[in-house]
Amino acid sequence: MKLRLFFMAMLFSASAVLAAMPRLTESGVEIDGGTMGKFIFSYPGFNTGGKTVKPEVRLDGGKAVLTYLADRAPRIELTLDGDRLRGSMKTAAEGKLIWDMFLPIMFGGKGEWAFGPDGKSGVFPKEQPSKPHLAQLHGSWFRLTDPQSAESIVITLDGKGFWQLQDNREWKWKIFQLILYTDVYPGCTQEFTLTFSSKQPEAVPVRVDRFGQPKNLDFPGKITDEAQLKADIAADRAYYGSLRPPETAPWGGMAGSRGKFNLKATGFFRLDKVQGRDVLVTPEGDLFFQLGVCTVCPGDDHTYIKGREQIYEWLPKYESEYKTAFRGHWATDFSFYLANRIRKTGRPYELNEWKREQISRLRKWGFNSDGAFTTYTPVNAAAKFGRTPGLFKKAGLVGDIGDPFDEAFRRELDENFAPIAGFRDEPTIIGYFIANEQPYGDVARKVPGFDGKTAAKRELVKLLERKYGAIDRFNAAWGLKAANFDALNDLPLPVQTEAAWNDMQEYSRHFFDAYFGLIARTFRKYDPNHLLLGARFLPANISVEAAVEACGKYCDVFSINYYSRSIEPEFLEKIHRLSGKPLLLSEWSYGTAEQGLAGGVIDTRSQTERGHAYRSYVEEAAALPYVVGSQWFSYLDQALTGRYFQHYNGECMNIGLVNVADRPFKEFLHEAMKTNYRIYDLKLGAVEPFVWRAAGSAGNRTPKRLQIPRALPGHKVDGVKTPWPGRPSERLDGSCLVTGAETGGTGADFWLCWDEKNLYLYAEVVDSTPARNSRTGADLWQSDCIELFTGGESPDRSGPLLFSDRQLLISAAQPKGGSWFVNQPVQAGVQAVVIPNAGGYTLEAAIPWEALRIKPETGLSFRFDLGLDDSNDGPKRLRQFMWSGVANNSADRSNWGTATLVD
């Protein structure tokens with residue numbers, strides 16, 4: 001059997017020019033959308049048995065070879081010939097290919113979408129909609145249109161696939177996503193032909209005015225002529241002259257603290273404790289809490305202009321008075337911010353002059369140092385303004401995580417770190433960051449699939465041979481049929497058994513200890529004087545405890561890029577406990593969309609509310625005894641048409657202290673100064689922190705406990721609560737909401753009981769659109785569903801899930817919607833009955849203890865939680881409730897409750 005897929009990217013216009021040919025990248029096929037930007041139609045994930053596996057990609061000239069680490073998975077070969085991409089595959093496993101493409105949030109409110117042949121269409125929403133799915137349907141084509149320019153991209157499929165267009169703001173990600181599902185049939189050859197062609201109009205409307213602002217959006221303070229910029233010189237002098245920050249010690253430390261707390265001056269920033277609290281100490285011996293700002297240098301204000309010059313009202317020539325507004329000698333990257341500065345001052349941009357002014361401003365606002373991604377300048381030394389540079393590393397084994405067992409990487413690391421010896425006596429350096437947001441979880445996932453050319457894979461095989469000794473013992477533990485240990489080097493090793501999972505946890509500890517240890521030793525070889533500030537972890541990677549522990553073991557400070565609506569002390573306490581080191585909140589911010597940008601990573605409704613969020617975040621953090629500083633990201637707003645290094649469709653957020661016209665956000669800074677001016681009173685506990693919560697923010701939760709009585713004689717699963725032990729219910733209501741908003745009265749009462757064979761669940765759900773779930777398998781959670789979490793092993797242990805932990809999904813589709821054990825290779829039978837009613841539905845189920853890996857007995861306690869997923873239309877979840885835990889329940893058991901079996 002052959003299946004031919006035709007994809008066409010086409011641009012229609014009465015007067016048009018041909019676009020660039022598509023090209024293969026590491027991530028997928030790049031489609032040229034003209035001034036709309038370039039789009040990546042990703043290589044497909046392969047879904048079989050409810051689990052999606054991303055491909056390993058090898059590029060070879062005009063060919064991409066896709067392989068998947070899954071049993072009987074396909075091998076896909078794609079060949080690019082001009083505008084035509086041909087491919088073929090054969091597989092022994094049935095499943096689906098899942099293709100996707102991301103569309104920037106800036107299409108919101110102005111971009112149009114359409115599907116055919118039925119012609120369903122709409123406009124991308126400017127604000128987050130109540131339902132995240134804009135379209136879900138079977139069809140043959142998709143079209144993206146920018147009506148301002150008449151540009152379009154059309155993707156056409158010969159035949160019908162299932163298309164899904166969604167707004168990812170539902171999941172705290174500012175982007176739209178197109179997904180296409182196509183079927184994979186076992187035992188046959190499937191051929192693919194993807195044809196990409198596009199046409200673009202010769203003229204498109206202007207979107208950006210000559211000052212880098214939105215052409216068609218008015219807002220208070222918008223610049224309309226050069227005279228306003230020149231007038232800002234006097235306005236700035238009056239504004240900054242009116243600010244009265246408190247007296248500080250040199251380097252921004254607490255005035256008089258050296259003598260008051262008998263602190264030692266060493267000539268370098270260091271760590272100490274004052275009144276039992278972790279603190280930084282300045283080179284001159286004063287207590288210091290870092291109030292840093294990232295990117296205090298032009299950077300993300302530059303935007304890529306090549307190929308879309310027509311959308312700008314004005315662009316200067318490179319060889320002009322605006323030459324310094326271009327990035328380096330690249331005439332492709334231009335900063336309207338710097339151009340406005342040149343207009344304002346009448347002088348070219350010069351880094352040292354600019355930096356002196358910005359340090360003066362930052363000190364007026366109460367900030368005391370540079371954060372990450374700030375260009376080095378000697379101005380810092382003269383001004384006694386600390387900084388936090390990063391250590392240089394090239395691409396590595398996984399992301400920029402290098403292979404610590406590879407001699408070539410060790411040599412390269414030494415060469416890359418050697419230049420820091422020239423700064424070993426530099427007092428401005430607070431410390432160095434190792435890296436930024438590395439993918440630690442990918443080490444355990446990807447290394448087993450590498451071949452023997454990779455030192456890390458050979459090291460894994462050595463550990464396995466050392467542990468098991470005999471290949472038969474290894475095969476039995478991992479469920480494989482390897483001939484010998486040497487053969488393991490080049491074999492993919494799927495992690496499908498508990499023994500394999502445990503072995504990879506041990507390997508992760510070994511790997512990260514070697515990795516962070518190597519970095520620390522190499523760093524200290526060239527710089528024994530400065531702090532090692534950690535690796536700027538993402539919150540999601542805290543669940544890789546081996547990486548957290550190893551980073552803490554070898555670093556002086558643990559840094560985390562912690563974007564959050566509010567400080568979560570329990571979460572930060574966990575990181576502090578695992579790492580054993582003080583914490584630096586190394587990247588975070590809030591933003592709004594008031595001036596035409598895409599808001600922030602976390603949105604607020606106004607600049608004043610943005611200031612309230614700042615105050616609450618910094619003050620609550622400073623009050624924690626183990627937090628030694630924070631770094632706001634960043635100094636300048638990003639460019640309206642996206643930051644330069646992402647070319648088209650880059651980030652364009654309101655994250656700055658000043659805007660593109662060099663005007664400070666005074667309402668925001670008015671609030672921020674209240675906090676910055678009293679930071680040392682907060683750090684030493686002399687005043688209570690300011691606490692503010694945006695509407696809809698969830699509060700902190702304490703894990704709950706319940707008792708489960710024994711089932712009565714004659715118990716059966718029929719949707720009727722008779723006979724059932726006479727105990728009060730547990731309740732899920734608005735206080736249990738962890739995802740979504742506006743519950744609309746949705747909730748549930750549930751009861752549990754047990755016998756030697758099963759755990760029994762009975763739930764009465766209140767739902768105005770009951771028992772709707774069109775999903776199957778691992779996707780059941782996306783619609784009306786009950787989720788059950790159990791952990792029989794180590795019930796007192798918090799942190800990432802253990803191999804024996806179970807997450808069970810029970811569909812509310814009636815009468816029998818099915819169930820699914822998440823991330824389990826073998827599914828177990830769960831008996832469930834669903835009975836809809838006028839106000840909701842009843843769900844009763846019997847879950848075998850054997851499937852939960854729990855041996856029941858009176859008095860047994862185990863980790864337990866129960867969740868309710870709610871959808872209005874069946875395809876997609878709108879909200880989620882958890883009896884005890886949080887939205888991260890499926891990755892971390894810390895907030896699960898506890899259940900005890902009683903007679």
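The structure displayed is predicted, hence computed values, not measured ones. All values below come from the heavy atoms of this structure, side chains included, with hydrogens, waters and symmetry mates left out.
- With salt bridges taken as basic N to acidic carboxylate O contacts below 4.0 Å, none links Asp60 and Lys63.
- A donor-acceptor pair under 3.5 Å is formed between the side chain of Arg806 and the backbone N or O of Ala851.
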Exercise answer: donor-acceptor pairs, residues 403-411 side-chain atoms, under 3.5 Å, sequence neighbours excluded:
unit_1: Asp403; atom_1: OD1; unit_2: Phe405; atom_2: N; d: 3.0
unit_1: Asp403; atom_1: OD2; unit_2: Ala455; atom_2: N; d: 3.4
unit_1: Asp403; atom_1: OD2; unit_2: Ala456; atom_2: N; d: 2.8
unit_1: Asp406; atom_1: OD1; unit_2: Ala408; atom_2: N; d: 2.9
unit_1: Glu407; atom_1: OE1; unit_2: Arg410; atom_2: NE; d: 3.1
unit_1: Glu407; atom_1: OE1; unit_2: Arg410; atom_2: NH2; d: 2.8
unit_1: Arg410; atom_1: NH1; unit_2: Pro404; atom_2: O; d: 2.7

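- Under the ring-ring contact (aromatic ring centres under 6.0 Å, His included) criterion, Phe523 pairs with Tyr432, not counting sequence neighbours.
- Not one N or O on the side chain of Thr52 forms a donor-acceptor pair closer than 3.5 Å with the backbone of Gly45.
- The closest side-chain heavy-atom distance from Thr497 to Asn502 is not below 4.5 Å.
- Pairs of residues two or more places apart, or lying in two chains, that qualify as side-chain hydrogen bond (donor to acceptor under 3.5 Å, both in side chains) and include a residue from residues 456-466 are Glu459-His510.
- The CG atom of Asp805 sits 4.5 Å away from the CG atom of Leu802 when rounded to the nearest 0.5 Å.
- If you take CZ on Phe41 and CD1 on Ile31, they are separated by 7.0 Å, rounding to the nearest 0.5 Å.
- By the ring-ring contact (aromatic ring centres under 6.0 Å, His included) test, Phe433 is found to be paired with no residue, residues two or more places apart in sequence or in another chain being considered.
- With respect to the salt-bridge test (charged N to carboxylate O, under 4.0 angstrom), the residues Arg23 and Glu30 qualify.
- Formation of a donor-acceptor pair under 3.5 Å by the Ser579 side chain with backbone atoms of Lys581 is found in this model.
- For the pair Asp442 (side chain) and Val398 (backbone), a donor-acceptor distance under 3.5 Å is absent.
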Listing, residues 480-488 side-chain donor-acceptor contacts under 3.5 Å, not counting sequence neighbours, or none:
unit_1: Asn484; atom_1: OD1; unit_2: Asp486; atom_2: N; d: 3.2
unit_1: Asn484; atom_1: OD1; unit_2: Ala487; atom_2: N; d: 2.8

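- Contacts classified as salt bridge (charged side-chain N to carboxylate O under 4.0 Å, His left out) and involving residues 502-522 (residues at least two apart or in different chains) are given here: Lys467-Asp503, Glu506-Arg509, Asp513-Lys553.
- In this structure, Thr91 contributes its side chain and Pro186 its backbone to no donor-acceptor pair below 3.5 Å.
- Residues passing the side-chain hydrogen bond (donor to acceptor under 3.5 Å, both in side chains) test with Glu573: none are found, sequence neighbours excluded.
- Listed by chain and residue number, nothing satisfies the ring-ring contact (aromatic ring centres under 6.0 Å, His included) test with Phe417 (two or more places apart in sequence, or in another chain).
- Under the 3.5 Å distance criterion, the side-chain polar atoms of Asn889 are left unmatched by any main-chain donor or acceptor of Asn895.
- To the nearest 0.5 Å, atoms CZ (Arg643) and CG (Asn649) are separated by 12.5 Å.
- Phe537 and Tyr440 have their aromatic ring centers within a separation under 6.0 angstrom.
- Between the side chain of Tyr185 and the backbone N or O of Gly95 there is no donor-acceptor pair closer than 3.5 Å.
- Listed by first then second residue, pairs satisfying side-chain hydrogen bond (donor to acceptor under 3.5 Å, both in side chains) with a partner in residues 535-544 read Asn436-Arg536, Arg536-Glu587, not counting sequence neighbours.
- Arg863 meets the side-chain hydrogen bond (donor to acceptor under 3.5 Å, both in side chains) test with no other residue; sequence neighbours excluded.
- The pair Glu498-Arg853 counts as a salt bridge, with a side-chain nitrogen and a carboxylate oxygen less than 4.0 angstrom apart.
- The ring pair (Phe, Tyr, Trp, His ring centres under 6.0 Å) analysis of residues 445-466, with sequence neighbours excluded, yields no pairs.
- Here Phe789 pairs with Trp896 under the ring-ring contact (aromatic ring centres under 6.0 Å, His included) rule; sequence neighbours left out.
- Proximity of the aromatic rings of Phe864 and Trp883 is defined here by a centroid distance below 6.0 angstrom, and this criterion is met.
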